S.K.: 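Here it is, the structure, as structure tokens.
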Amino acid sequence: MASSSTNSPCAACKFLRRKCQPECVFAPYFPPDQPQKFANVHKVFGASNVTKLLNELHPSQREDAVNSLAYEADMRLRDPVYGCVGVISLLQHQLRQLQIDLSCAKSELSKYQSLGILAATHQSLGINLLAGAADGTATAAVRDHYHHHQFFPREQMFGGLDVPAGNNYDGGILAIGQITQFQQPRAAAGDDGRRTVDPS
């Protein structure tokens, strides 16, 4: 062990002012150059309790146990009220806040991706419309899309009229013709009425 090879007592035995034996249970975990580590553990837990704990554990588990005791003792001396619990609570709060921020960031990213897809779709339709108008081969789907978004619906423009479906331009011409037919009888009646009035 370190104490027998260097002939220097471990930090625990030096603090307790006793001779460090070769089978000292503290020697592997409290080296001579870390006196404050054992001092904190002894102040919070007591040397006898630490000795009992280490003797009950398997040698492979003792190092982790000593490190946990040392950290908890250090935190307890820094914060006598909460100790490690205060640090754990703070870290859990930060973790929850980071999870909320991550969720908000994912939501915003999804919105921007949806807007990008929608803009790309409209841009593609606009390019197709311009290309079709240039060579006279605009597709019916593109024309219908822009008529739907830029003009009044057929039901609103030609409600109550017998307008054939299909070509919007031809349907509009027929609707205008029907409107003219409806107005002509009233106009004729008005003319007849004016002719029958006696100027005297």
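Bear in mind the structure is a predicted one, so any value in this text is a computation, not a measurement.
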S.K.: For Cys13 and Cys24, which heavy atoms make the closest approach, and how far apart are they?
M.R.: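 Smallest interatomic distance, heavy atoms only, reads SG-SG, 3.6 Å.
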
S.K.: For residues 29-51, which residue pairs qualify under salt bridge (Lys or Arg N to Asp or Glu O under 4.0 Å), counting only residues two or more places apart or in two chains?
M.R.: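 Salt bridge (Lys or Arg N to Asp or Glu O under 4.0 Å) check on residues 29-51 returns no pairs.
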
S.K.: To the nearest 0.5 Å, how far apart are CG in Leu90 and CD in Gln94?
M.R.: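 Answer for the CG-CD pair, Leu90 versus Gln94, is 4.5 Å.
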
S.K.: Which hydrophobic side chains are connected to Leu95, either touching it within the sub-4.5 Å cutoff or through other members that do?
M.R.: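 Joined to Leu95, directly or through intermediates: none.
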
S.K.: Please round to the nearest 0.5 Å and tell me the distance separating atom OG of Ser68 and atom CD of Glu63.
M.R.: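 Rounded to the nearest 0.5 Å, the OG-CD separation comes out at 10.5 Å.
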
S.K.: So for atom CD, which belongs to Gln34, do other residues, nucleotides or ligands contribute more than 12 heavy atoms lying within a distance under 6.0 Å?
M.R.: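 For Gln34, atom CD is crowded (more than 12 foreign heavy atoms under 6.0 Å).
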
S.K.: Which side chain to side chain donor-acceptor pair (under 3.5 Å) pairs, counting each pair once, include a residue from residues 77-89, with sequence neighbours left out?
M.R.: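 For residues 77-89: Asp74-Arg78.
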
S.K.: Could you list the cluster mates of Leu91? Members are the ILVMFWY residues connected by side-chain heavy atoms closer than 4.5 Å, either directly or through other members.
M.R.: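 Noted: Leu91 shares its cluster with Tyr71, Met75, Val87.
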
S.K.: How long is the straight-line distance from CD of Gln61 back to CG of Asp64, given to the nearest 0.5 Å?
M.R.: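 Answer rounded to 0.5 Å: 8.0 Å.
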
S.K.: Rounded to the nearest 0.5 Å, what separates atom CZ in Arg96 from atom CG in Asp101?
M.R.: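 Those atoms lie 13.0 Å apart.
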
S.K.: For the residue pair Pro32 and Pro35, what are the closest heavy atoms and their distance?
M.R.: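 Scanning both residues, the minimum pair turns out to be O-CD, 3.8 Å.
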
S.K.: Which other residues end up in the same hydrophobic cluster as Val66, if Ile, Leu, Val, Met, Phe, Trp and Tyr are linked when side-chain heavy atoms come under 4.5 Å apart?
M.R.: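 Once heavy-atom contacts under 4.5 Å are chained together, Val66 belongs with Phe15, Leu16, Val25, Phe26, Tyr29, Phe30, Phe38, Val41, Val44, Phe45, Val50, Leu53, Leu54, Leu57, Leu69, Leu77.
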
S.K.: Output every pair passing side chain to side chain donor-acceptor pair (under 3.5 Å) with a member in residues 103-112, not counting sequence neighbours, ordered by first then second residue.
M.R.: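 For residues 103-112, and leaving out neighbouring residues, there are no side chain to side chain donor-acceptor pair (under 3.5 Å) pairs at all.
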
